[in-house]
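Quick note: numbers below take in every heavy atom, side chains included, and nothing from hydrogens, waters or symmetry partners.
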Amino acid sequence: MLGLFDKKTFLRDIPPVGRIFPLCYHNSLTASSQKLSARFSAGLIEPPDFRPIFHEHGYEHKPRPLVIREDENRFLSAGWGLIPKWVKSVEKANQMQNGNLNAKSETIFELPSFREAILERRCLIPSTGFYDSKEVLKNTYPYRVFLIHEEIFCLAGIWDEWTNPETGEVKKTYSMLTTPPNKKFSQIHSRMPLILPRKLEDVWIDQSLKSQKEIEPLLQIYPEENMDFYTIRKFKTDDEFDEDILKKVDYPELSQLELF
DNA sequence: CCAGACGTTGTT
DNA sequence: GTCTGG
DNA sequence: CCAGACGTTGTT
DNA sequence: GTCTGG
């Protein structure tokens, strides 16, 4: 039974321990900087070389514009995946960044990585649609998800600043909050980004809110009525500026499966 | 006290 | 930085 | 992005 | 080489 024969059979027949499942980590921001400035009443966009992003992939950690409030709104350039300021090594920082693409809204006030940021450093993550994949029979089908009545909307984020102990470089990073899905979204995924109703955008980045009691009521599951989605082509690497990711693509076998 | 973790996802 | 486990 | 896997058999 | 998972 045991011995030479058969480690691999054993591993395959038992659910893999620690198997990791997909997170929410594909986004887009296809608006021009003029449009973004107008939408958020903020000048000079950061990063200064911003151009519309058709497919942003979280594990690339590329700086992109967020919106924060100081005296007035302003853009802040940060990379996806929050590195807490207390992380001591570059190696740990990289690991941590990969693990912190999302922050679960249900536990965000307790966890060491997030509890200070949720009280003090909330940000808007402007988006023109995010992407998520549905898994069916071991295949993945990517979807574009968007709001029917709002070309540009905001996902809830928190951010932090970390100093690289080797180079002294200061890095700004952020996490995207997640919630359970609404009924419609649960067709494709079990977790959903926290979409902020437009009326709550100002409140979210209001720095005078500093307690769990005030902030917790903002962590709501976005209602499905204003959301829609459709299937798109599979993701590729280096397709950040490839606008055909926006196009609807049908998967006949998926439509077949959905009949049952 | 010191060392090590600090996170996300879902349940074949 | 702060908490947990040994 | 990077790291790691990448296969076969039959069915309690 | 290419795909998947994190």
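- In this structure, B:dG7 forms no base pair with any nucleotide, since neither Watson-Crick nor G-U wobble geometry is met with both distances under 3.5 Å.
- Of the candidates B:dT9, C:dC3, D:dC1, C:dC3 carries the atom nearest the A:Arg115 side chain, counting heavy atoms from C-beta on.
- The side chain of A:His57 has E:dG6 as its nearest neighbour among C:dG1, B:dT8, E:dG6.
- Nucleotides B:dT9 and E:dG6 are separated by 10 Å at their C1' atoms, to the nearest Å.
- Rounding to whole angstrom units, NE2 of residue A:His26 and C1' of E:dT4 are separated by 11 Å.
- Taking atom C1' on both B:dT12 and D:dT11, the two are 16 Å apart, rounded to the nearest angstrom.
- Under 3.5 Å, the side chain of A:Lys88 and the base of C:dG1 form at least one donor-acceptor pair of N or O atoms.
- Looking at A:Arg39 and A:Glu151, no side-chain N of the basic residue comes within less than 4.0 Å of a carboxylate O on the acidic one, giving no salt bridge.
- Here E:dG6 presents its P atom at 16 Å from CG of A:Asn100, a figure rounded to the nearest Å.
- Distance CE (A:Met96) to C1' (B:dA5): 7 Å, rounded to an integer number of Å.
- In this structure, B:dC1 and C:dG6 make a Watson-Crick or G-U wobble pair, each of the two defining distances being under 3.5 angstrom.
- With ring centers used as reference points, A:His55 lies under 6.0 Å from A:Phe235.
- The distance from atom CZ of A:Arg191 to atom P of B:dT11 is 13 Å, rounded to the nearest whole Å.
- Taking atom CG of A:Asp238 as the reference point, atom C1' of D:dC2 lies 13 Å away to the nearest angstrom.
- Both tests pass for A:Lys234 against the ring of A:Tyr141: distance under 6.0 Å to the centre and angle within 45° of the axis.
- Taking the C1' atom of each, B:dG7 and E:dG5 are spaced 15 Å apart, rounded to whole Å.
- E:dG6 atom P lies 18 Å from atom CD of A:Glu60, rounded to whole Å.
- When heavy atoms are screened at a 4.0 angstrom cut-off, A:Phe114 is found touching the sugar-phosphate backbone but no base atom.
- In this structure, A:Lys35 fails the cation-pi test against A:Phe40, since its NZ or CZ atom is not both closer than 6.0 Å to the six-membered ring centre and inside 45 degrees of the ring normal.
- The phosphate of B:dT9 (OP1 or OP2) has a side-chain N or O of A:Thr178 nearer than 4.0 angstrom.
- Rounded to the nearest Å, the gap between the C1' atom of E:dT2 and that of D:dG10 is 29 Å.
- Considering only side-chain N and O atoms, A:Thr107 lies under 4.0 angstrom from the phosphate OP1 or OP2 of B:dT8.
- The phosphate of B:dA5 (OP1 or OP2) has a side-chain N or O of A:Lys92 nearer than 4.0 angstrom.
- Taking the six-membered ring for Trp, A:Tyr25 and A:Tyr59 have ring centres closer than 6.0 Å.
- A distance of 6.0 Å or more separates the ring centres of A:Phe130 and A:Phe146.
- For the pair A:Lys134 NZ and B:dT9 P, the interatomic distance rounds to 20 Å; values are reported in whole Å.
- One can place CG of A:Leu82 at 11 Å from P of B:dG7, the figure rounded to the nearest angstrom.
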